[in-house]
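Some notes on the structure that comes next.
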Amino acid sequence: MSITMSCRGGALRVSGDDNFELPLFPLETVLFPGGRLTLRIFEPRYLDMISRCLREDSAFGVCLIRDGGESGAATTAPVGTLARIVDWHPGGDGILGVVAVGGERFTIDESWQLKDGLNAARVTSIAADEPTPLPAEWRPHALILRRILNALETPNDEADFDEAGWVGCRFAEALPLPLAQKQVLLEMTNPLERLRMLRPLVESARRKR
């Protein structure tokens, strides 16, 4: 299943319910809950979106592009991730640097384009993974993950190497997997099932080291 943007004017309406509207940023990447996303923003529609998010302390949605491009019309995957801005800095030539962190996932119920070309959608929140202890057989892999993240100098302020969901998401980000496979891992709601899918991939990468 995929979602195709349609055109519709008007403003966004955001509420605290599980069903709400938000701006979308279709990208050729998959953002996982707890993951970090670095962006260089220069298009007016996205500069305005970032300004609004900073002003209102609100989030935008990141969805994987399945057809089209980041600068034009796009067809996206039906499941995305909320992104909350944690840092930003002005760059040269009108480019804005932004760092965002992935939050809860959502499904797209309806999508459209605002008059300024910004993509938007009505979405429904997906419940976070149930807290699940990391299985004992994954302890050696978690140590490898810790070394990988340290080597990449990835900030680990909320690291939880004992939690199955967190470890699975970090491996899904770090492994050189096709984007379509990363999207499948994002959409899974059982952290142990995600680990089962990841295990042969992790062990293969470990043998190649």
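Values reported hereafter were calculated over all heavy atoms of this structure, with side chains retained and with hydrogens, waters and symmetry mates removed.
For R105 (side chain) and A127 (main-chain N/O), a donor-acceptor pair under 3.5 Å exists by modelled atom type. Side chain of R45 to main chain of G117: a donor-acceptor pair is present (N/O by atom type, distance under 3.5 Å, no hydrogens or angles). Between the side chain of R122 and the backbone N or O of E110 there is no donor-acceptor pair closer than 3.5 Å. Put simply, the side chain of K182 gets close to the backbone of L175: a donor and an acceptor are under 3.5 Å apart. Side-chain atoms of E163 never come within 3.5 Å of backbone atoms of L134 as a donor-acceptor pair (strictly under, hydrogens ignored). Judged by distance alone, with hydrogens and angles left aside, the side-chain atoms of T81 form no donor-acceptor pair with the main-chain N or O of G102 at under 3.5 Å.
The distance from atom CZ of F171 to atom NE2 of H141, rounded to the nearest 0.5 Å, is 7.0 Å. Separating the CD atom in E43 from the CE atom in M49 is a distance of 10.5 Å, to the nearest 0.5 Å. Separating the CZ atom in F20 from the OG atom in S125 is a distance of 4.0 Å, to the nearest 0.5 Å. With rounding to the nearest 0.5 Å, the separation of CG in L96 from CD1 in I41 is 6.5 Å. Summarising the geometry, atom CD1 belonging to I108 is positioned 4.0 Å from atom OG1 belonging to T76; distances are rounded to the nearest 0.5 Å. Here the CG-CD distance, from D129 to E104, works out to 12.5 Å after rounding to the nearest 0.5 Å.
With a 4.5 Å cut-off on side-chain heavy atoms, P200 and E203 do not count as touching. In this structure, V123 and L22 have side chains that are in contact, with non-hydrogen atoms separated by less than 4.5 Å. Using a 4.5 Å cut-off on side-chain heavy atoms (C-beta onward), I65 and T75 make no contact. Taking 4.5 Å as the limit, some side-chain heavy atom of T132 sits within range of a side-chain heavy atom of L192. Using a 4.5 Å cut-off on side-chain heavy atoms (C-beta onward), N119 and F25 make no contact. Two residues are said to be in side-chain contact when any heavy atoms from C-beta on lie closer than 4.5 Å; D162 and P133 fail this criterion. For the pair R196/R199, no side-chain contact is recorded, criterion being any heavy-atom separation below 4.5 Å from C-beta on. Looking at heavy atoms from C-beta onward, V79 lies in side-chain contact with Q183 at the 4.5 angstrom threshold.
Between V99 and R36 the shortest heavy-atom distance is CG1-NH2, 3.3 Å. L47 approaches G94 most closely through the heavy-atom pair CD1-O, 4.3 Å. Here the shortest heavy-atom pairing between I95 and R40 reads CD1-NH2, 3.2 Å. The minimum heavy-atom distance linking L186 with R194 is given by the pair O-NH2, 4.1 Å. Looking at every heavy atom in both residues, A100 comes nearest to A83 through CB-CB, 4.0 Å. Across E187 and P78, no two heavy atoms sit closer than the pair OE2-CD, 4.2 Å.
No more than 12 heavy atoms of other residues, nucleotides or ligands lie within 6.0 Å of CE in M197, so this atom counts as exposed by the packing criterion. The number of heavy-atom neighbours closer than 6.0 Å to CD of E130, taken from other residues, nucleotides and ligands shown, is 12 or below.
Linking ILVMFWY side-chain heavy atoms closer than 4.5 Å, directly or via other members, places F60 and V86 in two distinct hydrophobic clusters. One hydrophobic cluster, built from ILVMFWY side chains closer than 4.5 Å, cannot hold both V101 and L24; they sit in different ones. Note on L37: it does not cluster hydrophobically with F42, by side-chain heavy-atom contacts below 4.5 Å among ILVMFWY residues. V30 is connected to L145 through a chain of hydrophobic side-chain contacts under 4.5 Å among Ile, Leu, Val, Met, Phe, Trp and Tyr, so both are in one cluster. In the hydrophobic cluster analysis, where Ile, Leu, Val, Met, Phe, Trp and Tyr join through side-chain heavy atoms closer than 4.5 angstrom, L143 is grouped apart from L198.
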Decide side-chain contact (heavy atoms from CB on, under 4.5 Å) for Y46 and S51; before the verdict, give the C-alpha distance in whole Å, the side-chain angles of both, and the deciding distance to 0.1 Å.
CA-CA 8 Å; Y46 292 126; S51 296; over 6 Å; no

Could you walk me through whether D57 and I85 pass side-chain contact (heavy atoms from CB on, under 4.5 Å), step by step?
CA-CA 8 Å; D57 190 25; I85 300 167; over 6 Å; no

Going through the checks in order, is the side-chain contact (heavy atoms from CB on, under 4.5 Å) test met by T107 and I126?
CA-CA 7 Å; T107 57; I126 297 174; 3.6 Å; yes

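Sorted pairs that involve residues 77-86 and meet salt bridge (Lys or Arg N to Asp or Glu O under 4.0 Å), not counting sequence neighbours, are lacking altogether. Listed by first and then second residue, the side chain to side chain donor-acceptor pair (under 3.5 Å) pairs that reach into residues 85-94 come to none, sequence neighbours excluded.
Between the side chains of N19 and T124, at least one donor N or O sits under 3.5 Å from an acceptor N or O.
Figure legend: cation-pi geometry between R146 and F161, with NZ or CZ positioned under 6.0 Å from the six-membered ring centre and within 45° of its axis.
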